[in-house]
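Hydrogens, waters and symmetry mates are skipped; everything else that's a heavy atom, side chains included, is used. Order of the sequence lines fixes the chain letters, A, B, ..., with proteins taken first and strands second; residue numbering starts at 1 for each chain.
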Number of protein chains: 2
Amino acid sequence: MKEPKQDTELIIKEAARKVFQEKGFAATKTRDIAELADINLALLNYYFRSKKKLFDIIMVETLQSFFAGVITVLNNEETSLNDKVADFANHYMDLLTENQNMALFILHSVRENPVEYIARIGILDQAKESVFVRQFIEGVAQKEIPPLHPIHFMLNLMGLVVFPFIAEPMITAVSGMPKESYFEMIQERKRLIPMWVESMLSVK
Amino acid sequence: MKEPKQDTELIIKEAARKVFQEKGFAATKTRDIAELADINLALLNYYFRSKKKLFDIIMVETLQSFFAGVITVLNNEETSLNDKVADFANHYMDLLTENQNMALFILHSVRENPVEYIARIGILDQAKESVFVRQFIEGVAQKEIPPLHPIHFMLNLMGLVVFPFIAEPMITAVSGMPKESYFEMIQERKRLIPMWVESMLSVK
DNA sequence: AAGTGTTTTAATCAAATGTTTAACCAACGC
DNA sequence: GCGTTGGTTAAACATTTGATTAAAACACTT
């Protein structure tokens, strides 16, 4: 059985991403990763030195792929605030539908070492000086939108978009709704959230 | 050194609650709990048999104390829909401010065994036949509110209330805002969320 | 004070788990 | 061929960690 000599390092990383995102750092056993990747356990240490180092790599990559979208959407000079809301909702609903464990993984893992991880992807400045924040402040100045801290706005938007994904197991369990119906239902939110946010922004 | 003979079982449970809610099941070591409770490790097994049994007790109690509030608020015959939103926001902002790890703990832990835990606290029926759902459906029938699945409404409300707490470490890290300012800021949401939700419900 | 059942402790056990070691193999250059 | 090199493997190691045990301390009754 001659394997086509795939890139072992990548195979391990993909397996690690899957297991870490599903179970978190502590609940993941290096043997789980090795088994999923179908490699010998020692190879994990050969390529990545330790479980923690491997985890850090996955963590940073996950954060980057998550925040890359935020940055792109929020720094678009071409779009209005309302456009950004729609773009944000569409982008993240798709990303999280593909990657159902991503949000909870990030929120759970970042809590253990927030500053270190966030600093490592260097997002702080980009967030504060984004086109979005500028537009928001302008909107407030011109009294088009109520005088709120932009963080309220981001929390609302992220809450509306992200929360349905992290709460999925609980909501489907409590409501008895099948998972497929649930995910179909929350797809409607791509259309609904921009309308909702717009109406919230008209509250003076 | 004669100790005043406190209730050891309770002391252990309180320590366990704290550690479990902070770190989750897998990352918690029984020795962490024993140390925090200042008891001999063997006592933990003497009173609770095993780590898993102790965790299940904490988990069920936490879920009960969380959902008790939902049930009370949503089943109040005396209040309108808008009142329920305000009650919900007030109650949970206070609960989560006291108990900052609670929400993420529940969402993270429920995912591993949603049906079992949720079934054990018997919430399913109470949710479906709540006064809230009845009022919501009536409102839709009378075209006072747009024809939405009530779950959308609950997701919005919970997203707006709960998300700021689970995202706190990430948001404060990304924005550089001090934790105290952040928690002050989100207290404003007790006032804002009812206004926002009301305006969302006027979107036809 | 002796007796009895309960609570607590120190020590130990056994399994799980992250990591390392030493041998093996296959490809490649000389 | 033969040695070198990078990748891979099985086995072992060392530590962590959940759980148990046997004895001691305690509280309470008689």
Side-chain angles (χ1 to χ4, degrees), chain A residues 1-62 101 105 108-109 112-113 116-117, chain B residues 1-62 101 105 108-109 112-113 116-117:
Chain A
M1 200 63 66
K2 171 78 65 85
E3 283 120 312
K5 171 59 184 158
Q6 291 252 10
D7 189 358
T8 309
E9 189 171 332
L10 243 175
I11 291 174
I12 298 176
K13 241 167 61 172
E14 276 317 303
R17 181 186 335 277
K18 191 158 175 204
V19 182
F20 277 139
Q21 288 191 0
E22 189 178 318
K23 317 221 272 182
F25 178 77
T28 294
K29 289 128 185 65
T30 52
R31 283 164 176 82
D32 295 344
I33 298 174
E35 190 179 359
L36 182 62
D38 198 29
I39 51 119
N40 185 286
L41 175 57
L43 276 188
L44 191 152
N45 291 290
Y46 175 77
Y47 281 105
F48 297 99
R49 307 296 307 272
S50 77
K51 179 190 178 187
K52 183 58 166 45
K53 285 194 168 63
L54 175 53
F55 178 81
D56 282 352
I57 290 171
I58 299 299
M59 186 72 216
V60 169
E61 285 189 7
T62 304
N101 297 315
F105 169 74
H108 191 259
S109 304
E112 279 152 38
N113 232 329
E116 196 218 309
Y117 284 128
Chain B
M1 201 64 65
K2 171 76 69 75
E3 283 119 313
K5 173 54 186 162
Q6 290 250 11
D7 190 357
T8 310
E9 190 171 330
L10 243 175
I11 291 175
I12 298 176
K13 242 169 60 173
E14 275 317 302
R17 182 187 334 279
K18 192 158 176 206
V19 181
F20 277 138
Q21 289 191 0
E22 190 179 318
K23 318 221 271 183
F25 178 78
T28 295
K29 289 126 185 68
T30 52
R31 282 164 176 82
D32 294 345
I33 298 174
E35 190 179 359
L36 182 62
D38 198 28
I39 51 121
N40 186 287
L41 174 58
L43 273 189
L44 190 152
N45 291 291
Y46 174 76
Y47 282 106
F48 297 99
R49 307 294 307 270
S50 78
K51 180 190 178 186
K52 182 59 164 44
K53 285 194 169 63
L54 174 54
F55 178 81
D56 282 352
I57 290 171
I58 300 297
M59 186 71 214
V60 168
E61 285 189 7
T62 304
N101 297 316
F105 169 74
H108 191 258
S109 305
E112 280 153 39
N113 232 329
E116 196 218 310
Y117 284 128

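Taken over five-pair windows at either terminus, the axes of the helix from dA1(C)-dT30(D) to dC30(C)-dG1(D) are inclined to one another by 20° (rounded to 10 degrees).
Here dT6(C) presents its C1' atom at 12 Å from CG of L43(B), a figure rounded to the nearest Å. Remark: C1' of dT8(C) and CG of D7(B) are 15 Å apart, rounded to the nearest angstrom. Following rounding to the nearest Å, D38(A) (CG) and dT9(D) (C1') show an atom-to-atom distance of 13 Å. For D32(B) and dA19(D), the CG to P distance is 14 Å, given to the nearest whole Å.
Taking CE of M59(B) as the reference point, atom CZ of R17(B) lies at 12.0 Å (rounded to 0.5 Å). For the atom pair CZ of F25(A) and CD1 of I58(A), the computed distance is 12.0 Å after rounding to the nearest 0.5 Å. Note that CG of D32(B) and CZ of F20(B) are 9.5 Å apart. Values are rounded to the nearest 0.5 Å. Atom CD1 of I12(B) sits about 5.5 Å away from atom CZ of F48(B), to the nearest 0.5 Å. Distance CG/D38(A) to OG1/T8(A): 11.0 Å, rounded to 0.5 Å.
When the shell of 6.0 Å around CD of E35(B) is examined, it contains 12 or fewer heavy atoms from other residues, nucleotides or ligands.
Every salt bridge (charged side-chain N to carboxylate O under 4.0 Å, His left out) that D56(A) has, sequence neighbours left out, goes to K52(A), R120(A).
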| note | Protein heavy-atom contacts under 4.0 Å, written 5' to 3' over nucleotides 16-23 of chain C as B (base), S (sugar-phosphate only) or - (none), form the string -BBBBB--
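Under 4.0 angstrom from either OP1 or OP2 of dT7(C) there lies no side-chain N or O belonging to T8(B).
K23(A) places no side-chain N or O within donor-acceptor distance of the main-chain N or O of K29(A), the cut-off being under 3.5 Å.
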